[in-house]
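Down below is the structure, laid out as structure tokens.
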Amino acid sequence: MTSNNKSSFGQALHFITDIKLQELEKQRLSYQDHAKILEDAEELGKKGDILKKVEVLAKAAKTWVGSGALSSSNVVGGKIHLDNLELWLRQARHDPSFSRDIAVGWADTLEEHIRHNVMRLDSAKLFGGLFNEWLASGDSAALAYQADSDVPPDTGSSDYVEVGRKEMYEQKEKLSSIIFDDYPVDVKALNVYLEDLFSSEQAAEALERLRRQLRGFSNSLLRESIDEDDVTNAITGLLSTGLLDEEKRATLKAFQENSTVLEEVASVLNMRLASLESWSWPKEGLLIEFRRHLNGKYRAFTDPDIIDALLLHHLGIAWQVELKKALTRVFESKAWIRPTQESYADRTLRKEQLPQNDPDRSIEAEREKIRKDMFFLTQLQDSPEQINPYDDLVDAPTTGSKKSPAMVKQKLLHILTTECYLNTTLYGTHALLTSDIEWFGPSLPHASILTILEFIGVSKTWLLFFRAFLSSPLRFPGELEPRMRKRGIPISYSLGVLFGEAVIFIMDLAVNQRANGLFLHRMHDDLWLWDSDVKKVSAGWSEMNKYATLVGIKFNEKKTGSAYVGPQAEDATGLPKGFIHWGFLEFDPKVSRFVINKYDIDLHVMEMRRQLDKTRSVFGWVNTYNKFMAFFMRNLGGVPAYCFGKDHIQGLVDTLAYIQRQLFPEGTGSAVGYLRKVVAERFGVTDLPEGYFYFPISSGGLELRNTLLEVLALDITFPEEQNSEDEAGVESYVVDNVFQENKALGEDKFPKRVEHDIKEYQQAKEAWEAQLGSTSATPVSSRSHRGARRGGITSSLARTSSDKDVKPFMSFEEYISLRESGLSSWGNSYRHMLDLPPMRSVVQVPKVRELMEVKALGATRRAWSSMDWYEQWIVSLYGEEVVSRFGALEAVDRNLIPVGMVQLFRSSRINLDQ
């Protein structure tokens, strides 16, 4: 398939859409003629023949068979059954006592039904106009190459003209200076470092198991054949990466629908696998394409041949799955340093003295689980069927998979906040450090990658193939001759992810070994260290720098920073200078939490306004608006967990409102106001109900997302204006049960848990002594224990069960030493801090239940319970107004809406102005 031919997928989509939109317009014009009966009915009403008017209107309602036709129930407006109406009309003609007002009510209901159909079909015309505008606009990346031109953006011709921003050219020059320049790695010194890292007895055993496993896999993968399921998995995975252009993506989607094609592709891939030793990139080279993301970054993609892309993805995922299994065994082995473990005697005694306590629910147990599930090699797939998003800059929603980059990043923020409050409560100190690797993908030396892979057991055959993959011929748009890549890994390839994770795993292990069990939390190359002991953090940072120098990578100074909370700031001298940022948040040591950085907000508001101004369609504007607002929400921390206090939540509400004021400083005042103005100017439609803008496209609305609701709907406390004047004249807070003592938020959570320790200890001690039949109890000191250090139970507890009748209960100091390692009550508090609060339930009032019973023709009535909180909120707030205008909760007959285009609208990348 050549790039100057529209894809069959695109053609089919346009064809189906055109048919549906034509049918919409045909039915609208036909119903306009049909609705002229309203004029005849009006004349009959003026003449006083109300029964004849009802007959005429009833016939009009009953005989219409297009969009808006009555169902088999023959019920109009939920009030009149036409079969019953025939009987009532007979009574009205012959019963002198029959009230004329009842007949007037019938006429009003029938007229309203017909007018609603007129409005719904008028709305369908608007819908068609909006979609046609979007199709022609190029606002969607999936449609841009069809809307703008049939000529691809680069043909390598001499008359090529570069178009783009200054930043893009600067990144191009920087990229060129890196990837075409070989970096001299001291391979001997790197191997010495690796040998030393695995020099302990436990580490040496783990390394030997690792090598055996990878040597075996190196041989077995070459003998495996690729089947149709493998091709299907590879296609699904490739479509999630954003690697290929829209036309090749459409081709892959067509492959998925044809089993014969899948079989043939599998055959070709097996042929290429059999000759893997001679595999190479095309001699003409790979074209580099710069793509801009919502955060302003440009990234350089290459666009490989479809068969090469499938083969490379399949092999990369196979290696990812195996490497993750192998390295996880190292993580789970005794080679990996963990907090001091209790002796068997201590553990047995603790179980006896604290029978209700579950150590598997402790803070340390929760940390271990989170580290393994969310921060250890999470870029690598667990199985070929699993889909890992490769880029945290894609237009992801604020909610979704718990392991999506956006959700992992949000979880990290919650942990950072919770750990700071925990450490400052227990120890009075907290050290935090962050960094990332500058130009990590492009700068990673090939020698470092291949040396590490060889060290852990990858065979020579695969090392030669990996070298061929890395040494790709590349050319920028406008260049005719390719240049050989000498450094770096290409973006969005599964093999590139594999190499990056293999190299950084060694840093993970080095920090663990050299900083007394400290865990390096990371998302690919975003790196985070923290602990109550600043010396451990400093030691980890020192080891990271040592390893980085050996493998030829450099930390990004602009993104490197640290913070220290505590009385002795001189202890933090080993930490790097710089501020700590997370999205649009900045850590403030003075308040021990993240605060919103308004400067970053202003910069991105300017960019959002630029991108909105560049859109050429209403749907394109809404899509861009929704994705930018989701981007803002993600980078403000997303839905706040319980670890955030009232100040953060109020700041989030204020900031989202501030963004709206900055986007619409005058005139329209809001997104809805702007869209009202545009729809009126372009399509001549006015007086649309408010809900029309928020209702989904599948119902004929514009699907504008109100991001502010994601905070306002939280089932936690929010500040509200006092209705009456109070003494301070400031805002007061409504206190929900979530702020009661057992559900304290933010910085209040762990201090309250400390207060409970004395009481819980006394209860456990009394229960133990009661079990022994003892009546004596040693009083517990009420002095502060904030400074108690963590650790195992002291040796005084190491007694045998035969001494049970004389064995004293553990001291209070021994009890609180288990706060992190052994007490489930502290573990419960820790987990609660990381939890997301539920959304407030919108109560379904009788009127809303009634509205949902009004079934739109051709639509599937949805149950209230099947709606999420946002849908319930929108229906409850705007439903009555929408039904009043259109007669149902749908502005357009769903059967006539081009569903394929609706899905494309929701899933396609926006075509950002470069």
Side-chain angles (χ1 to χ4, degrees), residues 197 331 336-340 363-364 367-368 370-371 374-376 411-437 504-549 553-582 585-594 643 750 786-787 789-791 819-821 830:
L197 194 60
F331 176 74
W336 198 272
I337 299 174
R338 287 176 170 80
T340 304
I363 290 177
E364 203 58 63
R367 285 171 175 156
E368 182 80 357
I370 291 174
R371 289 165 181 171
M374 304 193 78
F375 296 102
F376 182 73
K411 187 73 170 183
L412 174 66
L413 176 64
H414 299 162
I415 295 171
L416 290 170
T417 303
T418 299
E419 290 280 350
C420 180
Y421 288 144
L422 178 67
N423 285 334
T424 52
T425 298
L426 295 183
Y427 313 115
T429 58
H430 180 74
L432 174 62
L433 182 151
T434 185
S435 185
D436 84 345
I437 301 172
I504 303 300
F505 165 77
I506 301 299
M507 185 183 289
D508 294 340
L509 180 62
V511 169
N512 173 264
Q513 300 292 300
R514 306 300 188 230
N516 193 26
L518 191 64
F519 186 85
L520 176 59
H521 287 77
R522 65 180 178 87
M523 297 171 293
H524 193 33
D525 63 332
D526 289 336
L527 313 167
W528 296 81
L529 291 175
W530 65 81
D531 197 81
S532 62
D533 185 355
V534 66
K535 293 179 181 178
K536 288 177 66 174
V537 177
S538 181
W541 175 239
S542 176
E543 193 65 25
M544 289 165 65
N545 278 277
K546 181 179 179 181
Y547 177 69
T549 300
I553 56 180
K554 181 182 178 183
F555 295 112
N556 188 339
E557 292 183 6
K558 292 181 180 179
K559 294 187 177 181
T560 298
S562 66
Y564 178 73
V565 180
Q568 297 176 330
E570 62 271 12
D571 291 343
T573 54
L575 302 183
K577 304 299 181 183
F579 296 102
I580 290 184
H581 292 273
W582 187 103
L585 305 177
E586 182 177 307
F587 186 81
D588 185 351
K590 295 179 181 178
V591 293
S592 303
R593 65 179 179 87
F594 285 90
C643 58
F750 294 120
R786 289 171 60 90
R789 299 295 298 181
R790 63 177 169 227
R819 281 168 171 164
E820 293 177 88
S821 62
Y830 185 88

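Starting from 1, each residue takes its place in the sequence as its number.
- The minimum heavy-atom distance linking V511 with L518 is given by the pair CG1-O, 3.7 Å.
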May I have the step-by-step check of side chain to side chain contact (heavy atoms under 4.5 Å, CB included) for L520 and L529, ending in yes or no?
CA-CA 6 Å; L520 176 59; L529 291 175; 3.7 Å; yes
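- When all heavy atoms of G540 and A515 are compared, the pair lying nearest together is N-CB, 3.7 Å.
- Between F555 and W541, the ring centre distance stays below 6.0 Å.
- Contact detail for E364 and S821: the closest heavy-atom pair is CB-CA, 4.1 Å.
- A distance of 12.0 Å separates OH in Y421 from CG in L416, rounded to the nearest 0.5 Å.
- Note that NZ of K411 is 11.5 Å distant from CG of L413, once rounded to the nearest 0.5 Å.
- Between the CG atom of D508 and the CZ atom of F519 there is a distance of 6.5 Å, given to the nearest 0.5 Å.
- For the atom pair OG1 (T434) and NE2 (H521), the distance works out to 12.5 Å, reported to the nearest 0.5 Å.
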In sequence, state the C-alpha distance, the side-chain angles, and the governing distance for L412 and D526, and then conclude on side chain to side chain contact (heavy atoms under 4.5 Å, CB included).
CA-CA 11 Å; L412 174 66; D526 289 336; over 6 Å; no
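- Note: I580 CD1 to E586 CD = 9.5 Å, rounded to the nearest 0.5 Å.
- Counting only distance, with no hydrogens or angles, the side chain of N556 and the backbone of D436 share no donor-acceptor pair below 3.5 Å.
- In terms of modelled atom types and a separation under 3.5 Å, the side chain of S435 and the main chain of L527 share no donor-acceptor contact.
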Working for side chain to side chain contact (heavy atoms under 4.5 Å, CB included), residues F331 and E368:
CA-CA 11 Å; F331 176 74; E368 182 80 357; 4.0 Å; yes
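- E820 has a carboxylate O that lies under 4.0 Å from a charged side-chain N of R367, or vice versa, which qualifies the two as a salt bridge.
- Of all heavy-atom pairs between R522 and H524, the closest is NH1-O, 3.0 Å.
- Proximity of a side-chain donor or acceptor of S538 to a complementary backbone N or O of L575 within less than 3.5 Å is not detected.
- Between K536 and N516, the shortest heavy-atom distance links the atoms NZ-O, 3.5 Å.
- Using the six-membered ring where Trp is involved, H430 and F587 have ring planes that are tilted, between 30° and 60° apart.
- Atom CG of residue N545 and atom CD1 of residue I553 lie 9.5 Å apart, to the nearest 0.5 angstrom.
- For F750 against T418, the heavy-atom pair with the smallest separation is CE1-O, 3.6 Å.
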